[in-house]
Engineer: 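My structure is below; once you've seen it, I'll send some questions.
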Amino acid sequence: MSLAGKVALVTGGSRGIGRAIALALARKRAKVAFCHPGDPAAGATLSEIQGLSMGMEQTADVSDEAAVEAFFDAATDAFGPPDILVNNAGILRQSPLAKTGVEEFDRVIAVNLRGTFLASRAFVRRAQAGRIINIASDLGILGREEMSAYTASKGAIIALTRTLARELAPNILVNAIAPGSIETDMTSPASMSPEQLAKDMATPLARFGQPEDIAAMACFLAGAESNFVTGQCFGVNGGSVMT
Ligand code: NAP
């Protein structure tokens, strides 16, 4: 189904899963604005989007309230009020609890959770109706040793999704996607220890997913096919979590 005329904002859209989502939405004719904290790859991603639809990019750290508001203002000025928000920006840090500093913990929570809150609030302040799609993680359900801040942030995003789905109904539908291991710069099999790789491969499908697998679910949640879907968390994970 076409998203022609819709305005979609994607946080962390310069590379990885966010880039795949931005391109997939543009392929469906949505006007796509994405932000990133200063990624040199952003220009190339923007050119690809503009080859498909209208696009813009802006440097904005999602943990920074003023930067998020400025990103939404710029996108609204360029394309009109937003219809779709994909809260994708995220960072992962791995360290044993005893060695995890407060600054490291706070930074992960600030980007992953505060960023999702700030962008959702900016969206609600400008949108009459629409969709919020939050990128969580299967690790927010399963837990993972040495990833306390990351897993806590992702579990909280799932809880926030349910609250916002109730609060913003019926005009704004809010859902989450909890990806399993997806091959990106964040999670590349080449950079993993054999033990970590074995854990990530221990699923029924026994392989990594691709960013496009997540983009397909995001397009479903952005379009009219999901008109009766809200407050859900979809596992796109090769079977790592079954509920
Ligand atoms: P990635 O390849 O590292 O890309 C992350 C994107 O987010 C980049 O565009 C990055 O921009 C941007 N970003 C980082 N910090 C930001 C900030 N403070 N403000 C705005 N943008 C920021 O990661 P990915 O694998 O595509 O992950 C995307 C999302 O999926 C994340 O929320 C992640 O937790 C989630 N996820 C990933 C996996 C996986 O296996 N890959 C699994 C489950 C969930 P820069 O390039 O400038 O840093």
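In each ligand, atom 1 is the first atom listed, and ligand 1 is the first ligand listed. This chain uses plain numbering: 1 for the first residue, then up along the sequence.
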Engineer: Of all the non-hydrogen atoms in the protein, which one sits nearest to atom 40 (O) of ligand 1, and at what distance?
Structural biologist: Ile182 N, 2.8 Å
Engineer: With sequence neighbours left out, which residue pairs that include part of residues 231-243 fulfil the side chain to side chain donor-acceptor pair (under 3.5 Å) condition?
Structural biologist: Asp138-Ser240
Engineer: Taking the non-hydrogen atoms of Ile91, is any one of them nearer than 4.0 angstrom to ligand 1?
Structural biologist: yes
Engineer: Would Ser14 and Thr45 count as having a side-chain donor-acceptor pair, cut-off 3.5 Å?
Structural biologist: no
Engineer: Linking directly or through intermediates, with side-chain heavy atoms under 4.5 Å: list the remaining ILVMFWY members grouped with Leu52, chain and number order.
Structural biologist: Leu3, Val10, Ile17, Ile21, Leu23, Leu25, Val32, Phe34, Leu46, Ile49, Ile84, Val86, Ile133, Ile135, Ile177, Ile182, Ile214, Met217, Phe220, Leu221, Val229, Phe234, Val236
Engineer: State if Ala136 counts as touching ligand 1 under the rule of any non-hydrogen atom under 4.0 Å.
Structural biologist: yes
Engineer: Starting from atom 1 (P) of ligand 1, which protein heavy atom do you reach first, and at what distance in Å?
Structural biologist: Arg15 NH1, 3.6 Å
Engineer: Given the rule in the side-chain contact (heavy atoms from CB on, under 4.5 Å) test, do Ser120 and Leu164 qualify, once you have shown the distances and angles that lead to the verdict?
Structural biologist: CA-CA 9 Å; Ser120 299; Leu164 296 186; 4.0 Å; yes
Engineer: Considering distance alone, does some N or O of His36 sit under 3.5 Å from an N or O of ligand 1?
Structural biologist: no
Engineer: Please check whether Gly12 reaches ligand 1 - meaning an N/O of the residue sits under 3.5 Å from an N/O of the ligand, judged on distance alone.
Structural biologist: yes
Engineer: Counting only N and O atoms by type, is there a donor-acceptor contact under 3.5 Å from the side chain of Arg114 to the main-chain atoms of Ser63?
Structural biologist: yes
Engineer: Got an N/O contact under 3.5 Å between Tyr150 and ligand 1?
Structural biologist: yes
Engineer: State the NZ-CD distance between Lys199 and Glu145, to the nearest 0.5 angstrom.
Structural biologist: 3.5 Å
Engineer: Mark the output for Leu92 as yes if a heavy-atom distance to ligand 1 is under 4.0 Å, and as no if none is.
Structural biologist: no
